[in-house]
Amino acid sequence: MADLSPTSSDSPCIGIDVGGTKILGVAANPVDGAVLASTQIATPKSTGPAMAQAMGDVVAELLAEREATAIGVGLPGLVDRSGVLRYGPNVPGILDFEVGPELTARFGLPVAVENDGYNTAVAEHLHGAARHADDAIIATLGTGVGGAFVVGGQLVKGANGFAGEPGHMLVNADQFSCPCGQVGCWESLASGTGLANIARSLIGEGGGRRVLELAGGEAAHVRGEHVSVALAEGDTEAADMLSRFSTWVIRGLGSLISILDPEIVVLGGGLSELADDFLNVVQDGVMAATVGGAYRPMVPVVAARFGAEAGALGAALNAHGLVSPSVE
Ligand SMILES: [Zn+2]
């Protein structure tokens with residue numbers, strides 16, 4: 001676990017978040033979480049060295065405008081306590097990726113490397129929707145499902161640093177395969193990938209005609225965005241897809257609430273904005289999916305504050321020592 005005690009220093013830090021499609025970088029004030037500058041480039045479609053070079057280029061652009069005291073990095077996968085990405089299901093081909101020493105050599109600054117979901121939770125816990133919560137679940141519904149857990153005021157890291165991968169808990173072993181190699185991960189139902197899986201399944205049963213049309217008539221090309229567009233048009237079959245998707249989000253969150261007994265659930269990622277009333281639907285259903293839901297306080301399900309910048313901001317905060325990963 002990591003201690004989350006604020007410090008009094010206000011020197012800017014750089015935070016870099018590596019996603020499947022883009023590398024986002026911010027310079028941030030760690031005291032109030034204010035983002036002072038941001039930039040992004042496309043994630044290179046290659047292995048480690050090109051990735052490290054691209055990340056360094058983002059840092060260089062931010063450092064050209066201001067000085068900073070530390071660099072934080074967020075990577076999508078299992079990042080161990082020494083800052084090495086051991087494995088990431090959504091970055092195939094990148095294994096045992098160690099970028100910290102390279103960035104330190106290039107910029108002469110200390111570097112903290114963490115899991116992207118962990119960094120998102122740092123931002124939301126210190127300055128966002130989970131502020132003041134000693135027990136919280138933070139989950140992001142994007143291309144996959146990321147997340148991390150605050151327990152007793154501390155972010156859970158686990159024995160190796162790998163804790164907090166809610167997307168890969170198994171919820172339905174009869175359905176969709178996951179890039180991690182398992183079948184039935186929560187992520188295969190409750191992410192953008194999951195929504196597309198659900199849509200294709202209904203199309204296979206003869207439904208989802210408008211969604212199929214938006215995908216050019218090819219079920220294999222259906223993405224979550226097509227469902228989103230059909231929803232905005234008022235398509236009832238897309239609404240059915242959303243309803244099934246929401247049910248899986250609720251089931252996963254209910255299980256997590258049963259395990260962790262949080263004060264609050266913070267939902268981020270693009271899918272959490274899929275429909276105007278999505279959070280209300282999740283809120284209305286989640287306690288019934290939690291053990292003894294009628295006999296315990298309602299757990300608020302709220303929107304993340306920092307949106308797409310949460311991971312990069314959390315990386316900057318983490319680098320600044322607001323989170324000290326070495327504290328057990
Ligand atoms: Zn998985």
Side-chain angles (χ1 to χ4, degrees), residues 17-21 43 45 47 51 74-80 84-97 113-121 137-149 155-202 204 220 222-225 227 241 244-260 265-272 274 282 286 289 304 310-311:
D17 185 58
V18 177
T21 58
T43 304
K45 296 286 180 230
T47 51
M51 184 79 86
L75 297 172
L78 302 181
V79 177
D80 71 17
V84 178
L85 176 71
R86 293 298 176 190
Y87 164 76
N90 294 311
V91 282
I94 295 185
L95 295 169
D96 297 330
F97 177 61
V113 183
E114 267 295 350
N115 168 268
D116 53 0
Y118 179 92
N119 283 338
T120 295
I137 293 169
I138 295 102
T140 57
L141 313 181
T143 304
V145 175
F149 311 117
L155 267 155
V156 176
K157 290 186 70 72
N160 302 292
F162 302 158
E165 290 282 358
H168 301 281
M169 62 179 179
L170 298 181
V171 297
N172 186 355
D174 295 328
Q175 276 190 290
F176 310 117
S177 59
C178 179
C180 78
Q182 302 193 101
V183 176
C185 291
W186 191 34
E187 177 172 307
S188 75
L189 290 149
S191 66
T193 305
L195 181 59
N197 284 337
I198 290 167
R200 278 192 291 269
S201 176
L202 286 172
V222 168
R223 300 193 311 273
E225 295 92 316
V227 181
M241 293 169 184
R244 294 174 189 233
F245 171 82
S246 303
T247 297
W248 283 110
V249 172
I250 287 166
R251 286 173 176 164
L253 286 179
S255 294
L256 292 173
I257 293 170
S258 294
I259 294 166
L260 293 163
V265 172
V266 178
L267 277 190
L271 273 290
S272 66
L274 195 60
V282 173
V286 77

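Whatever order the structure lists ligands and atoms in, that order sets their numbers, starting from 1.
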Open item on the list: Looking at every heavy atom in both Leu256 and Pro166, which two are closest together, and how far apart are they?
Closed with: CD1-CB, 4.0 Å
Task: Min side-chain heavy-atom separation Phe162-Val79 under 4.5 Å - done: no
Open item on the list: Please enumerate all residues that pass side-chain hydrogen bond (donor to acceptor under 3.5 Å, both in side chains) together with Asn197, with sequence neighbours excluded.
Closed with: Arg200
- [ ] Please report the shortest heavy-atom distance between Ser177 and Ser188, naming the atom on each side.
- [x] O-CB, 4.1 Å
TODO: Give the minimum heavy-atom separation between Phe245 and Leu189, together with the two atoms involved.
DONE: CD1-O, 3.3 Å
Open item on the list: Could you check whether any side-chain heavy atom of Leu75 comes within less than 4.5 Å of a side-chain heavy atom of Val113, counting everything from C-beta outward?
Closed with: yes
Open item on the list: Restricting to under 2.8 Å, identify the protein N, O or S atoms around the Zn ion (ligand 1) as residue plus atom.
Closed with: His168 ND1, Cys178 SG, Cys180 SG, Cys185 SG
